[in-house]
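Working notes, beginning with the structure itself.
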Amino acid sequence: MHLLEQIERHGRTSPDRLAHVSGDRRMTHGELLAKSNALAAWLDSQLGERRTPVAVHGHKEPEMLVAFLAAVKSGRPYVPIDYMTPEARMARVVEIAGAEIVLTPAKVAEIVAAAGALDYQRKPLENSDPFYILFTSGSTGEPKGVVITLANLNHYLEWMHAEGNFQECGEVFLNHAPFTFDLSVHDIYLALSSGNTIFSLTKDHITNLRALFIALRECGATQWMSTPSFAQMCMIEKGFNSEMMSQMRAFYFCGEALAPETASKMIERFPGVTIWNTYGPTEATVAMTKIGITREIIAQWNPLPIGYAMTGTRVVIRGEDGKAVPPGERGEIVIVGPNVSPGYLKRDDLTAKAFYPIDDSRAYRTGDWGRDRDGMIFCEGRMDSQIKLHGYRIELGDLEANLRALPEIADAVVLPVKKGDIIDSLTAFVVLSGVKQGTDFEQAAKLKTQLGVRLPAYMVPRKFHFLDSFPMNNNGKADRKKLAEML
Ligand code: AMP
């Protein structure tokens with residue numbers, strides 16, 4: 001697939017068709033083409049031959065998409081940074097990425113307005129060239145950058161185009177995920193490559209449920225990709241059903257386990273609309289297995305299957321000895337195929353731990369427990385302390401390292417708190433280095449503020465417990481099981 005050529009073609013042949021709707025902002029395919037050309041030329045004027053990554057800091061503004069496309073047209077990968085990222089963490093991301101330029105929506109608008117209309121000769125991209133770099137939580141307190149190449153992305157899009165039956169013109173892709181989360185890659189590039197529209201939900205929709213449901217009613221969405229957590233949130237509203245969203249053709253769920261109850265309710269509320277359970281880590285480009293969830297499948301399986309591997313990619317279930325386990329047995333899910341990332345930016349150590357070659361293909365050890373039953377794959381949770389909280393990927397080690405870096409804290413352990421099977425919040429157990437300042441509540445509030453300077457708000461634990469010391473296990477480590485009993 002010639003992705004960028006295809007996107008540009010829609011800009012030339014259907015310039016007035018809507019490419020992006022975000023709040024009260026609208027951008028057509030023609031505007032996207034013209035603006036991304038102008039910005040690509042500006043990037044060349046600033047960076048010359050240097051193909052350093054371009055950081056893009058913002059939210060869901062149309063200029064974000066302009067910046068993403070301008071970067072790749074000029075032969076540079078882009079690094080999205082969400083507005084929620086605290087300054088210190090953002091500075092680290094920019095430094096690790098080696099980005100010389102940080103674009104914001106306001107800056108993009110200014111550059112584009114000053115440039116006027118111009119033609120731009122797109123730089124040729126090799127399949128192995130990085131297309132985007134997404135930073136995720138790293139276990140040592142440092143974010144790590146997953147590099148995704150043009151070939152990785154094409155492999156995903158070709159699979160989806162072959163199976164998704166997207167109509168050219170008339171599809172609206174509802175975009176819930178932030179642009180720093182690769183579920184948004186599904187929305188952006190499937191919509192743009194098929195000449196369709198992305199409808200972005202913004203922070204205003206997420207913080208104001210009335211506005212959210214008005215948007216869902218009015219957006220005309222036909223395609224939906226989100227975490228199950230978001231659908232669960234929407235189901236609080238009784239009217240969230242096929243009457244509210246009458247154009248819906250497919251729901252894709254990814255990023256965390258789809259509970260059978262959630263799938264059942266979705267089938268009830270949206271009869272005739274396909275509910276897909278899809279699975280994949282950022283390191284293997286959005287998703288790499290899928291299965292349409294039916295009442296029969298719900299009756300047969302708990303947990304639900306994550307489905308069958310994408311064309312051209314396979315799953316190996318690896319035992320402790322590194323060899324494939326017999327069919328049906330539990331082991332680690334390893335993904336093998338052209339969708340697997342080359343690795344973590346400038347982190348050969350982390351890359352070597354998780355990525356390796358199998359035959360002529362690249363393989364990624366997911367850290368997920370799984371099983372293969374005649375090609376149907378099941379994901380059975382994490383082998384490590386990576387968790388999903390309301391759809392956000394968090395390494396508890398990242399959080400603990402950032403807590404320990406605060407001068408008032410001598411040691412910290414963070415545990416997830418579940419409601420049923422679902423993680424609902426985080427609790428920090430803390431040993432202070434000095435005397436507690438005020439009440440537990442006051443001390444916790446102080447620590448939350450300090451942590452909020454280092455980490456995005458969704459990572460800050462809801463509760464803090466202050467202890468004189470941690471219970472120890474036989475290995476002399478903090479006994480997490482005993483701490484969990486205190487929850
Ligand atoms: P991320 O890189 O944020 O997409 O997170 C990837 C991780 O989310 C995977 O390694 C799994 O642990 C989890 N995950 C993704 N999709 C599913 C799914 N359908 N069912 C269960 N877990 C999932």
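Side-chain atoms are counted along with the backbone in the values below, which use heavy atoms only and exclude waters and symmetry mates.
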Side chain to side chain donor-acceptor pair (under 3.5 Å) with [X]: which residues, sequence neighbours excluded?
X: Glu95; answer: Arg92
X: His186; answer: Tyr156
X: Arg362; answer: none

Using only atom types and a distance under 3.5 Å, with no angle test, would you say the side chain of [X] pairs donor to acceptor with the backbone of [Y]?
X: Thr262; Y: Leu258; value: no
X: Glu171; Y: Thr222; value: no
X: Asn196; Y: Val172; value: no
X: Thr227; Y: Gly255; value: no
X: Ser74; Y: Asp44; value: no
X: Lys448; Y: Val460; value: no
X: Ser193; Y: Gln6; value: no
X: Lys60; Y: Ala177; value: yes

Once you round to the nearest 0.5 Å, how far does [atom1] of [X] lie from [atom2] of [Y]?
X: Cys379; Y: Glu256; atom1: SG; atom2: CD; result: 11.5 Å
X: Ser229; Y: Ile422; atom1: OG; atom2: CD1; result: 6.5 Å
X: Tyr458; Y: Ser137; atom1: OH; atom2: OG; result: 7.0 Å
X: Lys446; Y: Leu451; atom1: NZ; atom2: CG; result: 14.0 Å
X: Thr136; Y: Lys144; atom1: OG1; atom2: NZ; result: 5.0 Å
X: Thr202; Y: Tyr83; atom1: OG1; atom2: OH; result: 8.0 Å

- If we ignore angles and hydrogens, is there a donor and acceptor under 3.5 Å between the side chains of His155 and Thr313? yes

Next item on the list: Please check if any side-chain donor atom of Thr85 sits under 3.5 Å from a side-chain acceptor atom of Asp82, or the reverse.
Entry: no

**Q.** Atom NZ of Lys265 with >12 non-hydrogen neighbours under 6.0 angstrom
**A.** no

If you compare all heavy atoms of [X] against all heavy atoms of [Y], which two are closest, and at what distance to 0.1 Å?
X: Leu389; Y: Ile394; answer: CB-CD1, 4.0 Å
X: Phe173; Y: Ser194; answer: CE1-OG, 4.3 Å
X: Pro281; Y: Thr366; answer: CG-CG2, 4.1 Å

Just checking Phe270 against Trp224, ring centres under 6.0 Å apart? no

message: Please confirm whether the ring centroid of Tyr189 lies under 6.0 Å from the ring centroid of Phe131.
response: yes

Side chains of Trp301 and Arg373 in contact at under 4.5 Å (non-hydrogen atoms) = yes

In terms of side-chain geometry, is the basic nitrogen of [X] or [Y] positioned less than 4.0 Å from the acidic oxygen of its partner?
X: Glu283; Y: Arg393; answer: yes
X: Arg25; Y: Glu63; answer: yes
X: Glu243; Y: Arg269; answer: no
X: Asp424; Y: Lys418; answer: no

Discussion item. Let's go through Lys123 and Asp129 carefully: what are the C-alpha distance in whole Å and the side-chain angles of both, what is the deciding distance for salt bridge (Lys or Arg N to Asp or Glu O under 4.0 Å) to 0.1 Å, and is it a yes or a no?
Written reply: CA-CA 12 Å; Lys123 299 280 183 326; Asp129 280 338; over 6 Å; no

Per side-chain contact (heavy atoms from CB on, under 4.5 Å), Met225 is matched among Phe230, Tyr252, Trp276, Phe253 by Tyr252

